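A note on names: the letters A, B, ... follow the listed sequences, proteins ahead of strands, and every chain is numbered from 1. The basis for the numbers below is simple: all heavy atoms, side chains too, and nothing from hydrogens, waters or symmetry mates. As the structure is a computational prediction, the values presented were derived from the model and not from experiment.
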Number of protein chains: 2
Amino acid sequence: MAEAAAPISSLRRALSLVRIIANGDPAGLRLKDIAEAAGCTQPTAHRALQDLMAEGFVEQEAGGKRYRLSLDFFVLAAKAGQANGLRDLARPVLLRLAASLHDTIFLLVRHGYDAVCLDRVEGPFPIRSFTGDIGGRVPLGLGQGSLAILAHLPEAEQEEVIRFNVPRLIDRGFIDEAGLRAAIAEARRLGWVNLNTGLIPGMAGLGVPVFDARGYPVAALSIGTLAERLGPERLPSVVHMLQTEAAKLGAEINPFDPSLRYPSRSLSKAEP
Amino acid sequence: MAEAAAPISSLRRALSLVRIIANGDPAGLRLKDIAEAAGCTQPTAHRALQDLMAEGFVEQEAGGKRYRLSLDFFVLAAKAGQANGLRDLARPVLLRLAASLHDTIFLLVRHGYDAVCLDRVEGPFPIRSFTGDIGGRVPLGLGQGSLAILAHLPEAEQEEVIRFNVPRLIDRGFIDEAGLRAAIAEARRLGWVNLNTGLIPGMAGLGVPVFDARGYPVAALSIGTLAERLGPERLPSVVHMLQTEAAKLGAEINPFDPSLRYPSRSLSKAEP
DNA sequence: CTGAAAATTTCATATGCCGGAATTTTGTCA
DNA sequence: TGACAAAATTCCGGCATATGAAATTTTCAG
C-alpha cells in the first residue's frame, strides 16, 4: 500500500515520529516499532526520541520503555485551538445554548477537507456523534455542522472538497455522491442542516454555519440530541436560536484576520 | 533574565520553536522574533519552520507571515490526553456527576509539580476556576482538586512539591507556606477539600482525590460552583457523591500500568 | 512613493547526523 | 529462578546536511 516514502530532514523525521506515536497504541510504542514505522534505524529513532523527551513532547511510562505523547504536549496543544481566538469567543455562546436548550452543543471549524471539533458542551442526554470529542475530526459533509460548512463554501472550493471527500465518505459507508449533493442543496436552501436521517439510530442533530465578515463559512454550531427532542414543534425554535447565536458569533470574528480561510498547506491526509 | 542558553541539537532547537510559538501571541509570531527568542539566526529558524509547516505542526495565516500552531497540532494532541486511558474512563463519571449535581465538574491529573485539567463538564452556572479550560495547568496546591492530590502524596514527595511550589503560589498572591500546610492537614484529615475561602469571590468548590490501585493519588475530581450552592445541607451529599465516583474510577484504573505515578522527566518549568 | 526592516535564497564550510557493529539491558519461557 | 533471545543503548568513522554570513527579494510603515 502507499507507504509514506519521503526522504526528509532529521527534523521532519522526528516530527513524523510524533505522529506515529500519536496514532499508535495509547499504551505506548516500543522503539523497534517506531523505528520500523518511520523507516529508519533504531539508533536514529532512539536519538530523536531522546530529544523529543528532553523537550517534553514525548514521555516514557516510569521505568518502562514504551514511548507515548507527553501531557506537556497536551497542555501545549490547548493553545493551538485558539485559531482566531474563535474558541474563546465561542465558549459563552456554547454555554448559553447548552443552558437554554439542555442539549449537547458542538463548535466545529473547517480545516482543509475536514471539520475539527474545537469545543463542546454537553447536555444531560447521552449523545453519540461523529466528531466525538474535542479534537475530533470528520470529513466535511459528514454530520450536521460539518455539512453546514461544506454547503456554504464557494462553488469551486466546494467542488474540490466534494471530489476529495466522496471516496472517504463512501468508505465510511454513509453516503454516496448523489446523496451528498442532495444534502448540500437542501442545506443551502434552508440555511441550516437537519439530519434525522438515522445515521445513528435515535439520534438527531442540527447544524448552522458561522460566517466571518466576508461571508465565508469558517465554522459551525451544531446540536446533537435524541431524535424525539427535535420534533416539529421544538425544531423551529432551536433553529432560530442556533442561527441567532451563529450570527452574533460571526460578527465578533476579527474581520481583519484573514486566517482560517484557506489553510495554508495540503492539510489532512486522506484515509482512503 | 535567566536565559535558556542551552546549546542543543538541531532537533531540540526546532522543538523549542514550537514552545516559543505556543507561548507567544496567539495571533502568531514573526520569524525575526522567533529566531531571536530561540537564539539562532533567521535562516536557521526559517528552515526549521518550513519543516514544521510541512509536517503540519505550524501554519501561517493565509498570505501572512506570522507563524502559529496548526490545528493539526490540536487534533494530534487530543490523543495525548489519554494517559492511562484515564480520560475515557472518567468521561462517564463526569457526565454522571454533572447531570446529578448540575454543577461544573473537573478531572485533574497530576503532572510533576502541577495539576492538569484533562477534562471538564460544565453545569448551568457560570464558573471561574484556576485551571480554566481543558489543558489548563495549576501548581499543585492551588484549587480544590489540585490540593486534594497534593495532600495525599507520600510524605517525601509532598515535601518536594511544597518546596518547589510555595514560591510559585506566593507569586500568585494566594497562599503562604503556613496556610498551605494548614490546608493540606485539613484536607488529609477530611479526605476531601473544601475551599470556600473566597479565593474567587462567590465561588466555591470541592475536590476529592482519585487513588490508583497502589493508593497513589493520580488524579482528582472536583466541583466548582457558586458559594451559595455548597451550603451545609447540600455539602455532605455532594462530598459523598464525589467520593463514591472517585472510588469507582480509581478501581478501574489499570493497576498494572505504573505510569502516571512518577512523571519521567524534570517536568514543568517554574514561573518564578 | 520611498526607504528601512523583515523574509528568503545562495553558498562554502564544518558540524553533527547517520547506520553498522558492539555492548548492555530487558522481557520471556522453562 | 535461570538462561536465552530480543530489544535498547552506546560507539564510531564517514559523509550528508545543517549552519550563518552575505546577497537578494519582499513587505510594511510613513
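Whole-Å rounding puts the Gln42(A) CD to dA7(D) P distance at 8 Å. Atoms CZ (Arg66(B)) and P (dC28(D)) sit 9 Å apart, rounded to a whole Å. At whole-Å resolution of the value, CG in Leu11(B) and C1' in dT17(D) are 14 Å apart. In this entry the distance linking CG of Asp33(B) with P of dA6(C) reads 8 Å, nearest Å. Across the protein-nucleic acid pair, Arg12(B) atom CZ and dA18(D) atom C1' stand 17 Å apart, rounded to whole Å. Summarising the geometry, the separation between CZ on Arg30(A) and C1' on dT28(C) is reported as 12 Å, rounded to the nearest angstrom.
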Inset, instruction - Output, in order, the C-alpha distance, side-chain angles, deciding distance and verdict of salt bridge (charged side-chain N to carboxylate O under 4.0 Å, His left out) for Lys65(B) and Asp33(B). - result: CA-CA 12 Å; Lys65(B) 294 296 177 190; Asp33(B) 299 324; over 6 Å; no

Inset, instruction - Would you sort out whether Phe73(B) and Phe73(A) count as a ring-ring contact (aromatic ring centres under 6.0 Å, His included), showing the intermediate values? - result: CA-CA 9 Å; Phe73(B) 193 77; Phe73(A) 192 78; 4.8 Å; yes

Legend entry - Residues Val93(B), Leu107(B); criterion side-chain contact (heavy atoms from CB on, under 4.5 Å); working and verdict: CA-CA 10 Å; Val93(B) 171; Leu107(B) 170 67; over 6 Å; no

Legend entry - Verdict with reasoning, Asp133(B) to Arg87(A), per salt bridge (charged side-chain N to carboxylate O under 4.0 Å, His left out): CA-CA 11 Å; Asp133(B) 211 352; Arg87(A) 190 167 174 200; 3.2 Å; yes

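Distance CD1/Ile34(B) to CG/Leu49(B): 5.0 Å, rounded to 0.5 Å. Taken from CZ in Arg30(B) to CG in Asp25(B), the straight-line distance is 11.0 Å, to the nearest 0.5 Å.
Applying the 4.0 Å criterion to OP1 and OP2 of dT9(D), one finds that Lys65(A) has a side-chain N or O inside that range. Phosphate contact (OP1/OP2 of dC18(C), side-chain N/O of Arg13(A), threshold under 4.0 Å): present. Residue Lys32(B) has a polar side-chain atom (N or O) positioned under 4.0 Å from OP1 or OP2 of dA6(C).
Both Leu31(B) and Gly39(A) sit near DNA chain C, but only Leu31(B) has its closest nucleotide nearer the 5' end.
Of the candidate nucleotides dC11(D), dG20(D), dA7(C), dC11(D) has the atom nearest to the side chain of Pro43(A). Across dA7(D), dA6(C), dA18(D), the shortest atom-to-atom separation from the side chain of Ser9(A) is found for dA18(D).
Side-chain contact check for Asp72(A) versus Val116(B): every heavy-atom pair is 4.5 Å or farther apart.
Less than 4.0 Å separates DNA chain C from at least one heavy atom of each of the following residues of residues 44-52 of chain A: Thr44(A), Arg47(A).
Contact annotation for Ser10(A): backbone-only contact, meaning every heavy-atom pair under 4.0 Å involves sugar-phosphate atoms and none involves a base.
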